[in-house]
Amino acid sequence: MNKDKYLSIRTETREKGVTLVAVSKTKPIEDIQAVYALGQRVFGENRAQELRDKAQALPKDIEWHMIGHLQRNKVKYIAPHVSLIHSIDKLSILEEVNKRAAQHNRVINVLLQVHIAQEESKHGFTKQEIIEFVQQERFTAFQAVNIVGVMGMATFTDDQVQVRKEFAALKIIFDELKASVFEDKADFEIISMGMSGDYQIAIEEGSTMVRVGSLIFGSRM
Ligand SMILES: *Cc1c(COP(=O)(O)O)cnc(C)c1O
């Protein structure tokens, strides 16, 4: 764990009103405890069972964010523990989260993942898909999920101009959704974009939440 780096990123994000999600995936409990001891309370994981196991082992005032691709049959593991799911990329997943949240008498906050990268392999909706499904009748039946914003991942590239363009595109999509289908939703306000390699560009382009792993915890093997 890199304490100085963590503290400097924390100061930088706080000054800008940006939420810092410390991405602890693959890292042991002790590493998370060390960052927790410095005051960090928001952690991100990308595997459902790992999130569940860590949530059970660590203090209850941690906010656990699911940031990775989520399969339908894994939603049950995180439903009692998760405070924000960043990676809703299909209507069927949202439906399952709604079902499991209701079973636990919870309302789970979620972000809609938007496809902004050039890579086909990345997941996510297009803006048009979001507009269409929000207007569907069955969408209004989802009482146990609350959509509070969008998430995006830029193309994995050294081309900073390209990365900036993709973040700017997500900001525009967020603004358009906010002005149209989510017009009456005051809590639709999160733009989750930016990781260790590109979080500063993301903040310049309007990110309100960054997901930083390796800069804080060291590289993953
Ligand atoms: C792993 C991961 C991150 C953090 O990546 P770093 O480059 O280590 O900061 C952010 N977002 C998602 C979706 C991830 O899977």
Side-chain angles (χ1 to χ4, degrees), residues 1-13 16 18-28 31-32 34-35 38 40 42-54 62-71 74-75 77-78 82-90 93 97 109-125 148-160 162-164 166-167 169-171 174 190-221:
M1 197 267 287
N2 189 334
K3 181 177 170 183
D4 292 340
K5 194 76 202 169
Y6 165 68
L7 291 174
S8 80
I9 297 170
R10 183 170 80 184
T11 302
E12 194 180 354
T13 48
K16 294 175 171 131
V18 171
T19 303
L20 172 60
V21 181
V23 176
S24 49
K25 64 189 187 195
T26 78
K27 297 295 175 181
D31 290 19
I32 301 174
V35 181
L38 298 173
Q40 180 69 21
V42 183
F43 291 89
E45 290 287 334
N46 72 334
R47 290 182 194 281
Q49 285 106 319
E50 188 174 339
L51 187 154
R52 174 200 61 192
D53 294 346
K54 286 175 173 173
I62 291 179
E63 274 183 41
W64 292 102
H65 289 199
M66 178 66 188
I67 62 170
H69 180 61
L70 189 54
Q71 288 167 304
K74 304 273 175 74
V75 172
Y77 298 126
I78 63 168
V82 74
S83 73
L84 180 66
I85 300 175
H86 292 231
S87 43
I88 299 293
D89 59 359
K90 277 193 221 77
I93 297 292
V97 172
N109 286 337
V110 303
L111 305 178
L112 302 176
Q113 185 167 349
V114 179
H115 190 276
I116 53 171
Q118 288 179 319
E119 297 134 305
E120 285 295 329
S121 57
K122 294 239 163 76
H123 300 277
F125 295 105
V148 292
V150 295
M151 180 273 233
M153 289 176 81
T155 304
F156 186 71
T157 172
D158 290 331
D159 182 352
Q160 300 210 339
Q162 178 65 27
V163 168
R164 186 179 293 279
E166 291 170 5
F167 287 149
L170 182 58
K171 166 72 167 131
F174 169 84
I190 297 174
I191 306 174
S192 168
M193 58 184 188
M195 319 192 341
S196 288
D198 54 21
Y199 77 92
Q200 285 161 320
I201 299 175
I203 292 172
E204 285 167 12
E205 296 303 327
S207 173
T208 71
M209 186 175 276
V210 294
R211 312 174 307 268
V212 179
S214 41
L215 280 184
I216 296 172
F217 287 101
S219 65
R220 293 174 297 272
M221 296 303 129

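Counting convention: from 1, in listed order, for ligands and their atoms alike. Computed from heavy atoms alone, side chains included, the values below leave out hydrogens, waters and symmetry copies.
The nearest protein atom to atom 5 (O) of ligand 1, hydrogens excluded, is given as Met195 CE, 3.6 Å; this is a heavy-atom distance. At the shortest separation from atom 13 (C) of ligand 1 among protein heavy atoms lies Ile67 O, 3.4 Å.
Annotation: side chain of Lys74 is not in contact with side chain of Arg52 (no heavy-atom distance under 4.5 Å). Between Ile85 and Ile78 there is a side-chain heavy-atom pair separated by less than 4.5 Å. A 4.5 Å side-chain heavy-atom check between Phe43 and Lys54 finds every atom pair outside the cut-off. Side-chain contact between Leu215 and Asn2 is absent, with no heavy atoms from C-beta onward closer than 4.5 Å.
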Checklist entry - What's the verdict on side chain to side chain donor-acceptor pair (under 3.5 Å) for Gln162 and Glu166, showing C-alpha distance, side-chain angles and the deciding distance? => result CA-CA 6 Å; Gln162 178 65 27; Glu166 291 170 5; 2.6 Å; yes
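For atom 8 (O) of ligand 1, the choice among Ser214, Ala22, Ser87 with the nearest heavy atom turns out to be Ser214. Among Lys25, Met66, Met153, His69, the residue whose heavy atom lies nearest to atom 3 (C) of ligand 1 is Lys25.
Near Val212, meaning under 4.0 Å from any of its heavy atoms, are these atoms of ligand 1: 9 (O). Distances below 4.0 Å separate heavy atoms of Ser196 from the following atoms of ligand 1: 6 (P), 7 (O), 8 (O), 9 (O). If you number the atoms of ligand 1 from 1 as listed, the ones under 4.0 Å from a heavy atom of Arg211 come out as 4 (C), 9 (O), 10 (C), 11 (N), 12 (C), 13 (C).
Using a 4.0 Å cutoff on heavy atoms, Arg220 counts as a contact of ligand 1.
Residue-to-ligand polar distances place Gly213 within reach of ligand 1: an N/O pair is separated by less than 3.5 Å.
Annotation for Val97 and Val110: closest pair CG1-CG1, 4.4 Å, computed over non-hydrogen atoms.
Note: His123 and His69 have parallel aromatic rings, judged against thresholds of 30 and 60 degrees for the angle between ring planes.
Of all the heavy atoms of His86, none lies under 4.0 Å from any atom of ligand 1, so neither backbone nor side chain is involved.
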